2 protein chains.
Amino acid sequence: MTRKSGVALWRQIADQIRQAISAGTLGADGKLPPEMILSERFGVNRHTLRSAIAALVQEGVLRAEQGRGTFVESRQKLSYPISARTRFSTGLREQTRERRSILLADAIEPALGRVAEALGLAPDAPVLRLETLSEADGRPVSRATSWFDAERFPDFARVYAETASITLAFQHFGIEDYFRKSTLVSARHADAADLTDLKLSAGAIVLVAWAINVDTAGVSVQYAETRFVADRVELSVSTEA
Amino acid sequence: MTRKSGVALWRQIADQIRQAISAGTLGADGKLPPEMILSERFGVNRHTLRSAIAALVQEGVLRAEQGRGTFVESRQKLSYPISARTRFSTGLREQTRERRSILLADAIEPALGRVAEALGLAPDAPVLRLETLSEADGRPVSRATSWFDAERFPDFARVYAETASITLAFQHFGIEDYFRKSTLVSARHADAADLTDLKLSAGAIVLVAWAINVDTAGVSVQYAETRFVADRVELSVSTEA
DNA sequence: CACTATTTGTTCGTATGTATT
DNA sequence: CAATACATACGAACAAATAGT
C-alpha cells in the first residue's frame, strides 16, 4: 500500500477500517485485532495504523483502552422520517437524548437559478439564506442550507435565532402549517466544508436531501439542501396509500 | 490556503470546484474561468489548480479544450421516483434510451432475521433470493437483492427470467397490483461485490434502499435491498397531500 | 492571410511534507 | 533519530490550439 491520489495513507487506512467494520469483516465481535496484526494486514507501519485508529477514535467509531485493546463503538443509525408532515425536529425525539440546531450564518442574496425556480420567484429576487448545523447527543448530524423569500419573510433570521425552530418562525409570519412537497435524495463524498462542519474525515459520505416545503395554499416557503452524515443517519420514507 | 488535515491541496480545490458547480456559483454558463483567474481566486499555484481540474476531468465533471477553455460536462442524474406506486421499470422510461434488468442468480434459503420480519414470515421459513442487475444505456445503474416467500411464489425465479419484469411475474401469481409500503434510504462506500457488478472504482458510493412491497391486502410480497450508483442516480420522493 | 491575444498543455527547477527503513 | 523515497506544492517559462482583428 503506497500513498497516492492525494489522500494521506493513515486516512486511507482509516477509511478501510471504517468500511471493514460496517461490512462486518473487522471487529464483528466488538473488538479489533492488536495494532501489530492490523499493521501487518494493511501493509503499513504501526505508526500509520495508530494514526488511523486515533482518527476513528476521535470520530467515535472506535474506543481504545490501554492494555485491553481497541473496541468498536456500536452506534445505530438515526432514522430520519420523510413524509408530507416532515418536521426537522420531530421524529427523532425518541431516538436521541439531546438535540439542538445552531444558526451558523445568514445572508440576503439574489436567488440563483435553481433556488428561484424552487421558490417560484423571479431570478435574482432577494432571498434569505440560512446555514444551520444540527447535533444529536453532542455529535454533528446534519448541515443544512435553506432559502426563504426575503420579501415575504423579513427578519426571518432573527426570529429563527430567537425561537431556534423553523416551525415557530413560520408561525410568527402567520404560517400555521406547512408540508413537504418533494425531496430529492442523493449521496456524495463530503466536501471540505462538510468535513470541518460535520467533523468528518476525508472519504466520508453525506446523504444529500433537496427539499421543498409549501404552505397550506401550496406556495413554496422553503427550499433546503441538507447534508446528513451517512454513517449516522438513514432516511425513512413511508408511502402508505 | 495551506496543506493540512491529511488531504492534498489539489483535492480540496477539486472538492470546492465540484460543489461550486453544483451550487451554480461557478460555470453556470457552462464554461469555467481561465486557469490563471481560478488559481488566483483559490489562492493556489496554477499547477495545483490544474491537478484539481485534471481530477474533475477524469471524474467526468469537466472537459478541457486547449485554446478554448474548460467546460462543465452536464451529466444529469437519473431521477428514480419513490412513491406508493413505485415500479422499478417505470418512471425512468423517458430518461433513458435503453434499459434492461439481468438475473444474476437465484437461490432458496432460510429467512434471516430482518428478511423474515419484513416479509412477515416465521424465522428460517424458506425464501427465494433474487440477485439482479439493472442497466441504462449500457451502463450499470443498480444492483438489487430481493426476497420472496418461496411457498407463496413457487418457481418465481423462472417466471421472472422469462418475463424480465417483477410486475409481470407477480401477475402470474394472481397479484394484479402491489404498492411500496416503506423505503429506508442510506449511503455507504461500495463493497468489493458492488465494485465488480456495477463496474465502479474504489471509493465509489452507493445509495442503498431497503424496500417493502405489499399486495392489495397489505401483505408483504417483496423485500429488497437495492444499491444504486450514487454518481448516476438520485431518488425522488414526492409527498403530495 | 498574417498577426495578436487568450487559454490550455508541457517541461524545467526547487522546496516541503509524508511514510518507510 | 537519520537516511531515503515518494508525493505534493510553488515558480517561471515555453509550446500548441483557438478566436478574433
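Only heavy atoms go into these numbers, but all of them, side chains included; no hydrogens, no water, no symmetry mates. This one's a predicted model, so the numbers in the text were calculated from it and none came from an experiment.
Ring geometry for Trp210(B) versus Trp147(B): interplanar angle under 30°, hence parallel rather than tilted (30 to 60°).
Taking every heavy atom of both residues into account, Ala169(A) and Val159(A) meet most closely at CA-CG1, 3.8 Å. Nearest approach of Ala118(A) to Ile212(A), heavy atoms of both residues: CB-CD1, 3.9 Å. For Ala187(A) against Lys77(B), the heavy-atom pair with the smallest separation is O-NZ, 4.5 Å.
Rounded to an integer number of Å, the gap from CH2 of Trp10(A) to C1' of dT20(C) is 18 Å. The distance between atom CD of Glu40(A) and atom P of dT21(C), rounded to the nearest whole Å, is 12 Å. What separates CZ of Arg50(B) from C1' of dT10(C) is a distance of 8 Å, to the nearest Å. For the pair Met36(B) CE and dA5(C) P, the computed distance is 16 Å after rounding to whole Å. Regarding Gln12(B), its CD atom lies at a distance of 8 Å from the P atom of dA9(D), rounded to whole Å. Summarising the geometry, the separation between CD1 on Ile13(A) and C1' on dA19(C) is reported as 11 Å, rounded to the nearest angstrom. Remark: C1' of dT18(C) and CG of Leu9(B) are 15 Å apart, rounded to the nearest angstrom. We find that CG of Leu62(B) is positioned 15 Å from C1' of dT7(C), with the value rounded to whole Å.
Minimum atom distance to the side chain of Glu35(B) is reached by dT8(C), of the listed dA19(C), dT8(D), dT8(C).
For Thr48(A) and dT18(C), the shortest distance from a side-chain N or O to OP1 or OP2 is not below 4.0 Å.
Side-chain contact check for Val44(B) versus Gln12(B): every heavy-atom pair is 4.5 Å or farther apart.
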Strictly under 4.0 angstrom, non-hydrogen atoms only: write out the protein contact profile of nucleotides 11-19 of chain D, one letter per nucleotide from the 5' end, B, S or -. BBB--BBSS

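Here Ser51(B) lies out of heavy-atom contact (under 4.0 Å) with every strand.
Under a cut-off of 6.0 angstrom, the local environment of CD in Glu109(B) is crowded, with over 12 non-hydrogen atoms contributed by other residues, nucleotides or ligands.
Remark: the Thr145(B) side chain and the Arg227(B) side chain contain an N/O donor-acceptor pair separated by less than 3.5 Å.
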